[in-house]
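Following this message is one structure expressed as structure tokens.
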Amino acid sequence: MTPPSTLTVKIRDFIDADYPALAAVQQAVWPQQTVTAEYLQHGDQELREHPRQPHFWRIVAEDHSGQIVGAASAVQWPGMFDPHRYHAELMVLPEAEGRGVGRALAEALWAHLQERGAREILAGTQEDRPRGLAFLAHWGFAEAMRFFDNVLDVQTFDPAPFAAAAQLAPGYRAVHLADLCAERGPDAAWAAYFAGFVQARADVPRTGEASPVLESEFRKRGTHPQFWPEAVLLAVHEPTGEVAALTELWLDPADPARLNTGLTGTTRNHRRLGLGLALKLKSIEQARARGAAKIWTGNASSNRPMLNINERLGFVKEPAWIEMQWFAPESEAKQ
Ligand SMILES: CC(C)(COP(=O)(O)OP(=O)(O)OC[C@H]1O[C@@H](n2cnc3c(N)ncnc32)[C@H](O)[C@@H]1OP(=O)(O)O)[C@@H](O)C(=O)NCCC(=O)NCCS
């Protein structure tokens with residue numbers, strides 16, 4: 001068999017008219033991550049407007065007919081911001097793989113990041129993608145962390161064994177964000193939600209130190225097209241009024257039968273009281289009432305507390321996502 005010939009591509013800057021093609025490439029490469037052009041555009045807009053002014057760069061690979069067959073990006077992720085750290089993404093349409101498109105994109109991306117003086121680059125792929133893993137290893141990346149997508153079949157979930165666990169401990173009550181806004185007024189409700197979120201998020205495992213969430217940015221999620229305020233479930237500690245635990249379900253940009261979990265977290269003083277499990281049970285009930293088929297959630301493989309809850313509920317693991325890391329030679333010594 002003759003090997004496939006090299007595909008000559010033009011690497012050029014991304015333009016707004018490319019969003020539909022970018023979404024199509026991403027959907028083909030990562031079929032499980034449902035995506036739309038509008039969703040990608042909304043995310044990019046948030047990055048452009050972010051007060052941390054993260055660097056953000058996209059390129060595409062176009063074949064001789066003008067079809068986009070691959071794309072790459074580099075971004076200073078605001079949630080884990082460091083001026084020397086970049087998240088890189090590179091995707092090639094499956095039918096164009098093995099023909100030099102990835103290399104052409106990687107060379108352009110690499111030149112861009114070297115020019116910017118990047119000291120750390122994060123990029124990921126799935127454990128069942130040997131080409132992607134070998135590609136990243138070739139560029140000097142090594143595994144940093146693993147994450148699982150966990151999926152629950154909502155329709156076959158049996159709540160009966162969890163009837164007692166679904167009750168919150170005495171002194172706590174469950175309320176969703178929309179009702180808390182009606183009770184306290186939106187500003188006080190969002191402030192309580194924000195305070196609980198920030199504390200719970202502090203212990204989520206990640207590859208670098210989390211940057212503080214800015215309250216002004218946090219509030220913008222209220223206008224996000226996939227935000228569902230009735231599915232932001234909060235456990236309020238009645239004596240203090242504070243949000244002690246939360247779980248969130250977000251609508252999916254492309255699949256109405258799918259819901260995606262945002263943060264599930266319990267603030268440190270309120271852990272091991274069953275709040276996390278009880279809220280998750282209530283969110284499954286909400287998903288069922290909505291007619292959803294699946295709930296997706298992503299967890300670090302090192303996050304035993306969260307995995308224990310999800311395993312107990314019957315979430316099933318998808319192949320792990322492997323976050324790979326590259327350090328500039330002079331930075332490596334400092335790790
Ligand atoms: C994961 C987390 C939400 C659990 O919240 P919680 O309210 O303390 O959990 P619960 O009390 O409902 O625990 C229910 C069950 O989960 C398991 N579990 C919870 N914490 C655990 C821990 N530290 N170690 C092992 N198992 C744990 C146990 O099986 C527990 O049941 P048990 O107490 O009867 O043994 C909490 O530890 C947290 O906020 N972590 C940081 C945020 C985070 O990582 N979120 C997930 C992001 S993907």
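Order of appearance sets the numbers: ligands from 1, and atoms from 1 within every ligand. Below, each value reflects all heavy atoms present in this structure, side chains not excepted, and no hydrogens, waters or symmetry copies.
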Any donor-acceptor N/O pair, Gln76 side chain to Pro83 backbone, under 3.5 Å: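 Checked: pair present.
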Closest non-hydrogen protein atom to atom 45 (N) of ligand 1, residue and atom name please, with distance?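 Ranking protein heavy atoms by distance from atom 45 (N) of ligand 1, first comes Thr264 O, 2.7 Å.
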What protein heavy atom sits nearest atom 9 (O) of ligand 1, and how far off is it?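 Ranking protein heavy atoms by distance from atom 9 (O) of ligand 1, first comes Ile309 CD1, 3.7 Å.
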Under the criterion side chain to side chain donor-acceptor pair (under 3.5 Å), which of Thr261, Thr264, Thr297 is the partner of Thr247?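 The option that passes is Thr264.
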Measure the distance from atom 5 (O) of ligand 1 to every protein heavy atom, then report the residue, atom name and distance (to 0.1 Å) of the closest one.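 Ranking protein heavy atoms by distance from atom 5 (O) of ligand 1, first comes Thr266 OG1, 3.2 Å.
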Under the ring-ring contact (aromatic ring centres under 6.0 Å, His included) rule, collect the residues that match up with Phe157, sequence neighbours excluded.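 Checked Phe157 against ring-ring contact (aromatic ring centres under 6.0 Å, His included); matches are Phe162.
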Between His112 and His55, how do the two ring planes meet: parallel, tilted or perpendicular, split at 30° and 60°?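 Ring orientation of His112 relative to His55: parallel.
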Measure the CD1-CZ distance between Ile68 and Arg12 for me, rounded to the nearest 0.5 Å.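 Here the rounded value is 5.0 Å.
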What is the closest protein heavy atom to atom 12 (O) of ligand 1, and at what distance does it sit?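 Heavy-atom neighbour on the protein nearest atom 12 (O) of ligand 1: Leu277 N, 2.9 Å.
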Where ligand 1 meets Ala200 - atom numbers and elements under 4.0 angstrom, heavy-atom basis: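 Every atom of ligand 1 under 4.0 Å from some heavy atom of Ala200: 41 (C), 42 (C).
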Could you tell me whether Asn308 approaches ligand 1 through its side chain, its backbone, both or neither, with non-hydrogen atoms closer than 4.0 Å?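 Only the side chain of Asn308 comes within reach of ligand 1.
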Answer yes or no for Arg304: is there a heavy-atom contact with ligand 1 below 4.0 Å?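 Under 4.0 Å: no for Arg304.
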Distance below 4.0 Å between atom 19 (C) of ligand 1 and any protein heavy atom?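 At least one protein heavy atom is under 4.0 Å away.
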Would you check the N or O atoms of Leu263, main chain and side chain alike, for any that come under 3.5 Å of an N or O of ligand 1?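 Leu263 vs ligand 1: no N/O contact under 3.5 Å.
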May I ask which of Gly265, Gly276, Gly298 has a heavy atom nearer to atom 3 (C) of ligand 1 than the others do?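 Looking at heavy atoms only, the winner is Gly265.
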Out of curiosity, does Trp250 fall in the hydrophobic cluster containing Phe194 (side-chain heavy atoms, cut-off under 4.5 Å, transitive links)?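 Hydrophobic grouping puts Phe194 with Trp250.
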What's the shortest distance from atom 11 (O) of ligand 1 to any protein heavy atom, and which residue and atom give it?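 So the nearest neighbour among protein heavy atoms is Gly274 N, 2.7 Å.
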Reported CD-to-NE2 distance for the pair Glu38 and His42, which is rounded to 0.5 angstrom: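 Separation between the atoms: 11.0 Å.
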Test side-chain contact (heavy atoms from CB on, under 4.5 Å) applied to Phe135 - qualifying residues, sequence neighbours left out: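 In terms of side-chain contact (heavy atoms from CB on, under 4.5 Å), with neighbours along the sequence ignored, Phe135 is linked to Leu90, Ala106, Trp139.
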Using non-hydrogen atoms of the residue, decide whether Ala245 is closer than 4.0 angstrom to ligand 1.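 Contact absent.
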Using heavy-atom distances, let me know which of Arg271, Arg272, Arg312 sits nearest atom 31 (O) of ligand 1.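 Minimum heavy-atom distance to atom 31 (O) of ligand 1 goes to Arg312.
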Just which atoms of ligand 1 are under 4.0 Å from any heavy atom in Leu273?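 Matching atoms, with element in brackets: 11 (O).
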Which of these, Leu168, Val204, Leu246, has its nearest heavy atom closest to atom 43 (C) of ligand 1?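 Considering heavy atoms of Leu168, Val204, Leu246, the nearest to atom 43 (C) of ligand 1 sits in Val204.
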Measure the distance from atom 44 (O) of ligand 1 to every protein heavy atom, then report the residue, atom name and distance (to 0.1 Å) of the closest one.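 Here the nearest protein heavy atom works out to Asn303 ND2, 2.8 Å.
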Do Asp203 and Arg271 touch side chain to side chain, with heavy atoms closer than 4.5 Å?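 Contact flag for Asp203/Arg271 side chains = yes.
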Considering the heavy atoms of Asn299, write down every atom of ligand 1 situated less than 4.0 Å from one of them.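 Those qualifying, in numeric order: 48 (S).
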First locate atom CG of Leu275, then atom NE2 of His237, and finally report the distance between them rounded to the nearest 0.5 Å.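 That separation rounds to 9.0 Å.
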Is the Trp321 ring parallel, tilted or perpendicular to the Trp30 ring (thresholds 30°, 60°)?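 Correct class here is perpendicular.
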